[in-house]
Amino acid sequence: MTKRRPLIAGNWKMNLNIDDSINLVREIAAGTDQLEGVDVLVAPPFTALGAVRNAIGDSRIFLAGQNMHWEMSGAYTGEISGMMLKEAGCTHVIIGHSERRSLFKETNQTIDLKVKAATLLGLVPILCIGETLEQREGGQTFEVLKEQLDLSLNNYRSDGIMRHSTILAYEPVWAIGTGKTATPLQAQEVHRFIREWIEESFDTKTASRVRILYGGSVKPDNVKDLMSEQDIDGALVGGASLKEDSFLKLIRFD
Ligand code: PGA
């Protein structure tokens with residue numbers, strides 16, 4: 001079986017000013033200088049992207065946008081295009097985070113357009129999916145996830161191609177910022193389901209290569225158990241990515 005390289009990604013959301021962002025990424029760069037075998041990524045607010053890119057310098061930290069528009073340019077007040085993210089030095093972009101879906105009414109259809117646009121531009125999409133507590137308690141978890149995957153990756157399915165670099169993130173909505181984490185077994189069960197969906201929709205090789213991150217209250221004290229599950233390839237971290245000591249502990253998850 002292909003060994004997938006772990007990825008620990010920090011989503012800073014709407015936190016940290018430019019100076020704090022620079023300081024944090026410098027600490028992360030210094031703390032991961034000698035570290036092998038794990039990829040590290042940060043997703044600062046748009047206004048800090050350029051400064052963080054400069055602070056990253058030659059260190060191997062990937063830079064991501066937290067969202068993007070699917071058009072390249074135009075009259076879309078308040079939006080940022082994938083091209084602009086690339087210009088700012090991003091290699092990745094988070095798409096369809098549950099906060100975007102619930103607070104900003106993003107749909108699977110617009111998320112699909114964003115994934116397609118990012119891919120065309122050579123930005124690696126980190127597509128987020130996840131069920132609410134109500135859906136989990138109503139026994140609808142797999143149905144909801146299948147629908148999110150089918151519709152948010154509809155363009156990939158029509159083309160019959162999912163790049164192996166694509167990243168998926170399973171983030172149960174009930175675990176984000178709540179301190180409640182899915183147990184490693186609960187997360188593994190879903191990650192396995194997602195990998196099987198990739199295999200059925202594309203092929204075995206793609207399923208064995210695509211990384212699937214877990215997100216939702218990942219902390220230094222639960223990361224090791226989560227990462228020891230076979231289909232969990234990394235973490236998408238909010239709160240615990242805002243301080244260098246906790247984020248560095250997550251990066252050295254064992
Ligand atoms: P959290 O956020 O780690 O604060 O729960 C995770 C996320 O929203 O990606």
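Whatever order the structure lists ligands and atoms in, that order sets their numbers, starting from 1.
- At a heavy-atom cutoff of 4.0 Å, ligand 1 is contacted by no atom of A169, backbone or side chain.
- Few gaps surround CD on Q109; more than 12 heavy atoms of other groups in view lie less than 6.0 Å from it.
- Between T178 and ligand 1, a contact under 3.5 Å exists for no N or O pair.
- Under a cut-off of 6.0 angstrom, the local environment of CZ in R157 is crowded, with over 12 non-hydrogen atoms contributed by other residues, nucleotides or ligands.
- Listed by atom number, the atoms of ligand 1 under 4.0 Å from G216 heavy atoms are 5 (O).
- Taken from CG in L248 to CG in L35, the straight-line distance is 9.0 Å, to the nearest 0.5 Å.
- Applying the 4.0 Å criterion to heavy atoms of L236 picks out, from ligand 1, the atoms 6 (C), 9 (O).
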Yes or no on salt bridge (Lys or Arg N to Asp or Glu O under 4.0 Å) for D203 and R209, after CA distance, side-chain angles and deciding distance?
CA-CA 10 Å; D203 52 65; R209 294 277 175 84; over 6 Å; no
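- Considering backbone and side-chain atoms together, G239 places an N or O closer than 3.5 Å to an N or O of ligand 1.
- Here's the thing with G177: one of its N/O atoms is less than 3.5 angstrom from an N/O atom of ligand 1.
- Note on D150 versus K146: salt bridge recorded, some NZ/NE/NH1/NH2 to OD/OE distance being below 4.0 Å.
- Against a heavy-atom cut-off of under 4.0 Å, A175 is close to the following atoms of ligand 1: 5 (O).
- Near H97, with a cut-off below 4.0 Å to any heavy atom, the atoms of ligand 1 are 7 (C), 8 (O), 9 (O).
- Close approach of ligand 1 to G238 (heavy-atom distance below 4.0 Å) involves ligand atoms 1 (P), 2 (O), 3 (O), 4 (O), 6 (C).
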